[in-house]
Amino acid sequence: MIELIDATKRFGGKTAVDKVSFALPPGRVTALIGPNGAGKTTTLRLILGLDKPSGGRVLVDGRPYYRLRTPLTAVGALLDGSAAHPGRRACDHLRWLAAGNGIPARRVDEVLEITGLSAVARERVRGFSLGMKQRLGIAAALLGDPPALLLDEPLNGLDPAGIRWARTLIRDRAAGGGTVLVSSHLMTEMSQIAEHGLVIARGRILADAPLAELQSGHASLEDAFFGLTEGHAEFQAGR
Ligand SMILES: Nc1ncnc2c1ncn2[C@@H]1O[C@H](COP(=O)(O)OP(=O)(O)OP(=O)(O)O)[C@@H](O)[C@H]1O
């Protein structure tokens, strides 16, 4: 279980995440949706201990992330698909992560297989396409076979076959009892992948409800989203 209780993150005078409270139960895909600058990435970074909360609490299985002994076996995360060093071979990147987390080396071959990267495992990341980097990021997230997955825009750069594969993977993880949080701008995709939605804007949670409930009375999740976030966008294009 992942839980945020009045979690707040300020950067100087800017409040990126403002008293956010929610719980992510196992067995469910939750979509974190919000406009640019809403606080989605900061929320994920707070859960992963990459940002320290200015207030409130962020707990993974009842304790802060930094207290987890082998974090990759508790929470797998995709925050930036290109986080691997460009000069490294894909397999070495994963081996290095595995070694630091007490994960057996054979798991590296498994996640390469799951993400379809076995054939390019010995190639250097600098030659990878955006979609391949994304698959490598997902491979890293799966390395510890964690019960919880946090995925920031996991479909970025994936081709149609990749999107279908990722969609199935995400759903299967939750169906198998996993906790999955997916942050995305892709409403149509989210309505196919997730059961539950957290709508965030200007650092505040505007809705925490089943997607079917959020969508009711609207033609689509996108319409519901615009209805909820109207006037809350950080950035507005000129007309
Ligand atoms: N390290 C930082 N220093 C200063 N401000 C930051 C920092 N990180 C985030 N912010 C600000 O906090 C707010 C929330 O940013 P965040 O990246 O969490 O939004 P987001 O919802 O992920 O946006 P996007 O959809 O554009 O990726 C933004 O106004 C951003 O400029």
Side-chain angles (χ1 to χ4, degrees), residues 2-24 29-60 64-66 75-83 130-131 133-134 137-138 140-141 148-158 163 166 170 179-194 196-209 211 214 220-238:
I2 292 175
E3 204 177 1
L4 281 77
I5 305 145
D6 284 336
T8 296
K9 180 64 189 174
R10 283 184 285 273
F11 295 106
K14 166 99 203 169
T15 304
V17 169
D18 197 1
K19 292 198 170 161
V20 160
S21 298
F22 62 78
L24 300 175
V29 180
T30 303
L32 180 62
I33 48 187
N36 289 134
K40 302 180 295 296
T41 302
T42 307
T43 300
L44 298 185
R45 290 179 58 87
L46 284 172
I47 298 171
L48 295 165
L50 295 168
D51 280 330
K52 194 168 172 268
S54 317
R57 287 185 300 154
V58 183
L59 305 172
V60 178
Y65 183 89
Y66 68 84
V75 187
L78 171 75
L79 265 198
D80 177 358
S82 55
L130 181 58
K133 283 184 195 159
Q134 200 70 351
I138 295 172
L149 278 180
L150 306 181
L151 307 170
D152 198 3
E153 295 289 355
L155 308 178
N156 262 2
L158 293 178
I163 289 176
I170 290 167
T179 301
V180 189
L181 181 65
V182 183
S183 159
S184 181
H185 298 115
L186 305 173
M187 298 295 153
T188 314
E189 270 306 331
M190 285 304 100
S191 57
Q192 290 185 49
I193 292 178
H196 198 90
L198 288 166
V199 181
I200 185 169
R202 291 187 182 269
R204 294 197 177 173
I205 298 291
L206 301 181
D208 178 349
L211 283 192
L214 287 179
S220 64
L221 180 61
E222 187 178 81
D223 280 2
F225 172 79
F226 283 125
L228 273 164
T229 58
E230 180 129 50
H232 290 278
E234 182 102 331
F235 308 102
Q236 212 111 48

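Computed from a predicted model, the values in this text were never measured in an experiment. We count ligands from 1, going down the list as the structure has it; atoms in each ligand are counted the same way.
- Between Gly37 and ligand 1, at least one N/O pair is under 3.5 Å apart.
- The shortest N or O to N or O distance between Thr43 and ligand 1 is not below 3.5 Å.
- Between Ala16 and ligand 1, not a single N/O pair is under 3.5 Å apart.
- Here is the list of ligand 1 atoms found below 4.0 Å of a heavy atom in Lys14: 29 (O).
- Every atom of ligand 1 with a heavy atom of Thr41 under 4.0 Å away is listed here by number and element: 17 (O), 18 (O), 20 (P), 22 (O).
- Using a 4.5 Å heavy-atom cutoff, the side chains of Ile193 and Val180 are not in contact.
- Within the 4.0 Å heavy-atom cutoff, Gly39 counts among the residues contacting ligand 1.
- Under the 4.0 angstrom criterion for non-hydrogen atoms, Arg45 is not in contact with ligand 1.
- Annotation: side chain of Leu79 is in contact with side chain of Leu50 (closest heavy-atom distance under 4.5 Å).
- Between Leu48 and Leu150 the shortest side-chain heavy-atom distance falls below 4.5 Å.
- Here the side chains of Leu198 and Leu24 are in contact, with some heavy-atom distance below 4.5 Å.
- Residues Val17 and Thr8 are not in side-chain contact: their nearest non-hydrogen atoms beyond the backbone lie 4.5 Å or more apart.
- When the options Ile33, Thr43, Leu206, Thr42 are evaluated for a side-chain contact (heavy atoms from CB on, under 4.5 Å) with Ile200, the one that passes is Thr43.
- Between Ala38 and ligand 1, at least one N/O pair is under 3.5 Å apart.
- Only the backbone of Pro35 comes within contact range of ligand 1, with a heavy atom under 4.0 Å; no side-chain atom does.
- Side-chain contact between Met187 and Asp223 is absent, with no heavy atoms from C-beta onward closer than 4.5 Å.
- Under a 4.0 Å criterion applied to the non-hydrogen atoms of His185, ligand 1 contributes the atoms 25 (O).
- Here the side chains of Lys9 and Pro53 are not in contact, with every heavy-atom distance at 4.5 Å or above.
- Short contacts between ligand 1 and Asn36, defined as distances under 4.0 Å to a heavy atom of the residue, involve ligand atoms 23 (O), 24 (P), 25 (O), 26 (O).
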